[in-house]
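Just below is one structure, and these are the notes that go with it.
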Amino acid sequence: MLMPSARLKIRRGGAVDAPSWSIFDLPFELGESVLDGLRRIQKLHDPSLGFRFSCINANACKECMVLVDGRVSYTCTARLEAREMTLEPLANKTLHRDLVTEIAPPDERLHSS
């Protein structure tokens with residue numbers, strides 16, 4: 001019997017790079033979040049994949065927001081599905097690389113003097 005898989009199509013690159021796409025096929029496990037899938041990709045397939053999250057370590061929220069199939073979503077609550085899902089950085093935020101965008105508004109960032 002063929003095991004279902006979740007396919008994550010992830011936009012890659014930095015602010016000045018031409019965007020590219022990476023596709024990862026993962027064994028689908030019911031109940032996993034998109035964040036679980038991203039962490040599995042980073043651990044087992046591509047440690048260079050850039051994305052943010054803090055909820056596990058710092059009890060903070062909103063850092064894992066990305067576009068999932070064109071809709072703003074928290075990767076920690078978006079469910080991984082047994083189909084192709086497209087992940088992109090937030091379009092209205094400054095892009096650093098891959099799915100990592102600037103979170104804090106400019107007036108809330110720490111500046112070195």
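Positions are given from 1 along the sequence. None of the values given here were measured: they were computed from a predicted structure.
Taking the side chain as every heavy atom from C-beta outward, Leu26 and Leu8 approach each other to under 4.5 Å. Glu88 has its side chain out of reach of Val66: every pair of non-hydrogen atoms, C-beta onward, lies at least 4.5 Å apart.
A pairwise comparison of heavy atoms in Leu95 and Gly13 identifies CD2-O, 4.1 Å as the closest pair. Closest approach of Ser33 and Cys76 over heavy atoms only: CB-O, 3.5 Å. Shortest non-hydrogen contact noted between Ala6 and Leu80 is CB-CG, 3.7 Å. A pairwise comparison of heavy atoms in Arg7 and Asp25 identifies NE-OD1, 2.7 Å as the closest pair.
Crowding of Ile23 atom CD1: a count of heavy atoms from other residues, nucleotides or ligands under 6.0 Å exceeding 12.
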### Query
Is there a side chain to side chain donor-acceptor pair (under 3.5 Å) between Ser48 and Arg12 once you walk through the steps?
CA-CA 10 Å; Ser48 72; Arg12 305 291 300 267; 3.2 Å; yes
### Message
Checking Lys43 against Leu49 for the side-chain contact (heavy atoms from CB on, under 4.5 Å) test, could you report, in this order, the C-alpha distance in whole Å, the side-chain angles of both residues, the deciding distance, and whether it holds?
### Response
CA-CA 9 Å; Lys43 182 177 181 181; Leu49 177 62; over 6 Å; no
### Task
Begin from the C-alpha positions of Leu87 and Leu67 and carry the test side-chain contact (heavy atoms from CB on, under 4.5 Å) through to its verdict.
CA-CA 6 Å; Leu87 306 181; Leu67 296 177; over 6 Å; no
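No single ILVMFWY cluster, assembled from side-chain heavy atoms under 4.5 Å apart, contains both Met85 and Phe28.
In this model, no donor atom of one side chain and acceptor atom of the other lie less than 3.5 Å apart for Ser22 and Arg11.
In terms of modelled atom types and a separation under 3.5 Å, the side chain of Arg52 and the main chain of Leu99 share no donor-acceptor contact.
Using a 4.0 Å cut-off between a side-chain N of Lys or Arg and a carboxylate O of Asp or Glu, Asp36 and Arg79 do not qualify as a salt bridge.
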